[in-house]
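Report on the following structure.
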Amino acid sequence: MGTNSGAQNDSPMAEINITPFTDVLLVLLIIFMILAALTTPPGFQKELPGPCACGGHPSMHDIEVTVAASGAITIDGQSTTSSNVYDRMAEAVRSHGGRTGFSKHVALTADSASPYGSIIKVLDAAREAGDDDVGFVIE
């Protein structure tokens, strides 16, 4: 009783086998992940200071800058105007650079309501004076 049940289609199948394609993509993904972990962009390196030779933490006097809510700027305890901040910052960096026990680190304390432009002006003045070591003090 060998009867055929229906017509058979002997034409080629139109399905795509994606298994080899998936294997190749996974291998490429793994290769790119390893290469991305091995290569670091040049902006990500940071030189950290070495241990202090003095044994303890020396008391270094930073350049202390405060910006009040009114926009008033104080550098090392001396009040300055926004137009004079560049000259005063350059003077503070120069005076701290050659003295023992003084660092050229700028410790910036700003009120939460202080004008954004005044803070940017202080940062710009420090950079123009040749000092890129600026830190924000949170109280």
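The figures here come from the full heavy-atom set of this structure, side chains too, leaving out hydrogens, waters and symmetry mates. Computed from a predicted structure; not experimentally measured.
Side chain of Asp111 to backbone of Ala113: a donor-acceptor contact under 3.5 angstrom is found. Under the 3.5 Å distance criterion, the side-chain polar atoms of Thr39 are matched with a main-chain donor or acceptor of Leu35. Of the possible polar contacts, one joining the Thr81 side chain to the Asn84 backbone as a donor-acceptor pair under 3.5 Å is found.
Dense packing is recorded around CD1 of Ile120, with more than 12 heavy atoms of other residues, nucleotides or ligands lying under 6.0 Å away. A 6.0 Å sphere centred on CG of Leu26 holds more than 12 heavy atoms belonging to other residues, nucleotides or ligands.
Taking the side chain as every heavy atom from C-beta outward, Leu108 and Val67 approach each other to under 4.5 Å. Using a 4.5 Å heavy-atom cutoff, the side chains of Val122 and Met89 are in contact.
Under the 4.5 Å side-chain heavy-atom criterion for grouping Ile, Leu, Val, Met, Phe, Trp and Tyr, Val137 is not connected to Val65 through any hydrophobic cluster. Grouping the Ile, Leu, Val, Met, Phe, Trp and Tyr side chains by contacts below 4.5 angstrom, directly or via other members, places Tyr86 with Tyr116. Side-chain heavy atoms closer than 4.5 Å link hydrophobic residues (I, L, V, M, F, W, Y) into clusters, and following such links, even through other members, never connects Phe102 to Ile75.
Ser114 and Ile119 make their closest contact through OG-CD1, 3.5 Å (heavy atoms, listed as atom of the first residue, atom of the second, distance). Pairing each heavy atom of Ile73 with each of Ser82, the nearest pair is CD1-CA, 4.5 Å. The heavy-atom pair separating Gly71 from Ser118 by the smallest distance is O-OG, 3.8 Å. In this structure, Pro115 and Ala68 approach most closely via the heavy-atom pair CD-O, 4.0 Å.
Residues forming a side-chain contact (heavy atoms from CB on, under 4.5 Å) with Ile34 (at least two apart in sequence, or on another chain): Ile30, Leu38. Here Ser79 pairs with nothing under the side-chain contact (heavy atoms from CB on, under 4.5 Å) rule; sequence neighbours left out.
How far CD1 of Ile18 is from CG of Asp23: 10.0 Å, rounded to the nearest 0.5 Å. A distance of 11.0 Å separates CZ in Arg94 from NZ in Lys104, rounded to the nearest 0.5 Å.
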Pair His105-Ile63, side chain to side chain contact (heavy atoms under 4.5 Å, CB included): steps then yes or no:
CA-CA 6 Å; His105 175 74; Ile63 301 171; over 6 Å; no
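With respect to Arg88 and Glu91, a salt bridge is recorded, a charged nitrogen being found less than 4.0 Å from a carboxylate O.
No hydrogens or angles considered: a donor-acceptor pair under 3.5 Å links the side chains of His96 and Asp76.
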